[in-house]
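What follows is a single structure, written as structure tokens, with notes after it.
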Amino acid sequence: MPELPEVETVANGVHARVAGQRILSVWTSGKPQTFKSPESEIAETLTGARIDAVRRVGKTVVMDLSRGEKKKKQIPFGDDRKKSKDKSKGRDPGKGSPEHAQFLVHLGMTGRLLVSHADVPLPAHTHAVLSLADGREVRFVDARRFGRLSVVKEEGGYAGPGAEPTTISEEEFATLFKGRKLAIKAALLNQSILHGVGNIYADESLFRAGIRPTKQAGKLTRVELGKLHKALQQILAKAIKLGGSSVSDYVDADGVRGFFQQEHKVYGRTGENCLVCLTPLKKIIVGGRTTVYCPKCQK
């Protein structure tokens with residue numbers, strides 16, 4: 001599943017391409033697993049809205065929307081699409097929608113958020129298409145349908161379930177784990193504590209910090225937590241710079257794979273020699289997740 005760097009890369013790429021654009025129409029596939037909000041509500045909220053920004057919150061792509069100008073007339077984009085299960089047919093798009101709202105995209109296992117010209121054929125497993133004023137489209141494609149689409153209209157918007165790891169201070173980071181009895185690897189994966197970190201970057205950060213994944217979070221020393229805080233932020237920053245890790249289906253907004261998988265020191269390297277001490281790397285299960293570590297370098 002895409003983690004913080006992959007979602008950040010997608011959000012940044014989409015933002016660079018569509019910020020300031022107005023959504024003229026919305027098509028949805030009618031596949032109920034994909035839609036956390038009703039399709040009709042998504043279409044009504046998005047149609048006529050301007051895309052102010054696209055950003056990441058945790059592992060979610062957040063599209064900030066506003067209605068500062070009079071909405072434009074909805075323009076359909078193809079009889080073949082309108083004949084599908086478009087739940088917004090017959091409605092007045094944008095009527096009753098708030099001045100500010102958010103469109104949330106959770107990529108799931110295989111979700112892709114792509115920006116394409118309208119004349120480019122739709123990929124298989126496309127579940128939503130946002131038709132833009134300049135003739136391009138934002139497309140959500142998801143083969144396994146574990147991704148989720150929803151809208152938020154509440155004041156304050158979506159803030160995510162936990163603390164933001166890329167900006168949290170060392171002091172605040174250390175406080176998060178105080179008194180916690182679960183293993184530090186499991187704590188890093190707990191989205192209500194620290195959102196956005198997943199299996200890849202937890203393993204890589206713990207290796208860089210020299211901390212064994214099974215060590216109880218609440219028993220880490222202040223020095224160890226300081227090392228982990230630094231390691232995590234360095235790993236995430238480098239992964240974002242390299243476009244994330246493409247170890248499965250992940251691609252960015254242009255369909256391009258990331259490069260951070262070439263930097264992995266432990267993740268996916270079970271049985272191979274540690275790149276620091278040459279000790280064979282071990283695989284265990286922590287918090288229900290496969291975990292790879294060096295028994296010599298990580299104490």
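All residue numbers in this chain count up from 1 along the given sequence. Since the structure is predicted, the reported quantities are computational estimates derived from the model, not experimental observations. Computed over heavy atoms, backbone and side chain alike; hydrogens, waters and symmetry mates excluded.
Between K153 and A101 the shortest heavy-atom distance is CG-CB, 4.4 Å. V197 approaches L188 most closely through the heavy-atom pair CB-O, 3.6 Å. Residue T214 comes nearest to A183 through the heavy atom pair O-CB, 3.8 Å, listed as atom of the first residue, atom of the second, then distance. In this structure, A163 and I168 approach most closely via the heavy-atom pair CB-CD1, 3.9 Å. The nearest pair of heavy atoms linking A11 to V61 is CB-CG1, 4.3 Å. Looking at every heavy atom in both residues, K31 comes nearest to E39 through N-OE2, 4.4 Å.
Once rounded to the nearest 0.5 Å, the distance linking OG1 of T166 with CD of E8 reads 6.5 Å. The distance from the NZ atom of K215 to the OG1 atom of T221 is 6.5 Å, given to the nearest 0.5 Å. Note that CG of L225 and CG of L232 are 11.5 Å apart. Values are rounded to the nearest 0.5 Å. Between the CD atom in E170 and the NZ atom in K230 there is a gap of 9.5 Å [rounded to 0.5 Å]. Here the SG atom belonging to C274 is positioned 12.5 Å from the OH atom belonging to Y293, to the nearest 0.5 angstrom. Summarising the geometry, atom OH belonging to Y267 is positioned 4.5 Å from atom CD1 belonging to I200; distances are rounded to the nearest 0.5 Å.
Counting heavy atoms from C-beta on, the side chains of V18 and V54 come closer than 4.5 Å. Under the 4.5 Å side-chain criterion, counting only non-hydrogen atoms from C-beta, V141 is not in contact with H127. Side-chain contact between K59 and H106 is present, with heavy atoms from C-beta onward closer than 4.5 Å. Residues I211 and K299 fail the side-chain proximity criterion, which asks for heavy atoms closer than 4.5 Å. Side chains of L149 and L104 form no contact here, defined as non-hydrogen atoms less than 4.5 Å apart. Counting heavy atoms from C-beta on, the side chains of I51 and L65 come closer than 4.5 Å. Contact check for L107 versus F146: no side-chain heavy atoms found under the 4.5 Å cut-off. Between L130 and F140 there is no side-chain heavy-atom pair separated by less than 4.5 Å.
Under a hydrophobic clustering in which Ile, Leu, Val, Met, Phe, Trp and Tyr are joined whenever their side-chain heavy atoms come within less than 4.5 Å, directly or via other members, I235 and V286 fall into different clusters. Using a 4.5 Å cut-off between side-chain heavy atoms of Ile, Leu, Val, Met, Phe, Trp and Tyr, with links allowed through other members, L189 and L176 fall into different hydrophobic clusters.
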Begin from the C-alpha positions of F103 and S150 and carry the test side-chain contact (heavy atoms from CB on, under 4.5 Å) through to its verdict. CA-CA 6 Å; F103 179 45; S150 61; over 6 Å; no

In sequence, state the C-alpha distance, the side-chain angles, and the governing distance for R144 and D142, and then conclude on salt bridge (Lys or Arg N to Asp or Glu O under 4.0 Å). CA-CA 6 Å; R144 297 183 66 182; D142 188 8; over 6 Å; no

V26 and T28: side-chain contact (heavy atoms from CB on, under 4.5 Å), yes or no, with the steps? CA-CA 7 Å; V26 176; T28 54; 4.2 Å; yes

Assess whether side-chain contact (heavy atoms from CB on, under 4.5 Å) is satisfied between Q102 and V151, documenting all intermediate values. CA-CA 6 Å; Q102 293 175 321; V151 290; over 6 Å; no

Which is it for I240 and L4 under the side-chain contact (heavy atoms from CB on, under 4.5 Å) test, yes or no, and what are the steps along the way? CA-CA 8 Å; I240 292 170; L4 186 154; 3.9 Å; yes

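Taking 4.0 Å as the cut-off between side-chain N and carboxylate O, R55 and D64 count as a salt-bridged pair. With salt bridges taken as basic N to acidic carboxylate O contacts below 4.0 Å, none links D203 and K265.
Side-chain atoms of R67 come within 3.5 Å of backbone atoms of T45 as a donor-acceptor pair (strictly under, hydrogens ignored). Listed for the E137 side chain is no donor-acceptor partner under 3.5 Å among the backbone atoms of V115. Judged by distance alone, the side chain of E224 and the main-chain N or O of A209 form no donor-acceptor pair under 3.5 Å. Using modelled atom types, no side-chain atom of Q191 and backbone atom of G58 make a donor-acceptor pair closer than 3.5 Å. Side-chain atoms of E3 come within 3.5 Å of backbone atoms of G198 as a donor-acceptor pair (strictly under, hydrogens ignored). In this structure, the side chain of R136 engages the main chain of R17 through a donor-acceptor pair within 3.5 Å. Between the side chain of R208 and the backbone N or O of L228, no donor-acceptor pair lies under 3.5 Å. Checked by atom type and distance alone, the side chain of R22 never pairs as donor or acceptor with a backbone atom of L132 at under 3.5 Å. For H229 (side chain) and E172 (main-chain N/O), no donor-acceptor pair under 3.5 Å exists by modelled atom type. Judged by distance alone, with hydrogens and angles left aside, the side-chain atoms of S205 form no donor-acceptor pair with the main-chain N or O of A202 at under 3.5 Å.
The aromatic rings of H264 and Y201 stand perpendicular to each other, their planes meeting at an angle above 60°, with 30° marking the opposite boundary.
Surrounding NZ of K181 are at most 12 heavy atoms belonging to other residues, nucleotides or ligands under 6.0 Å away. Heavy atoms from other residues, nucleotides or ligands lying under 6.0 Å from NZ of K227 number 12 at most.
Side-chain contact annotation: R145 with T34, donor-acceptor N/O pair under 3.5 Å absent.
The salt bridge (Lys or Arg N to Asp or Glu O under 4.0 Å) contacts involving residues 157-166 comprise R56-E164, where partners must be two or more places apart or lie in separate chains.
The other residues sharing a hydrophobic cluster with F207 are V266, V276, L281, V292, where clustering joins ILVMFWY side chains under 4.5 Å apart.
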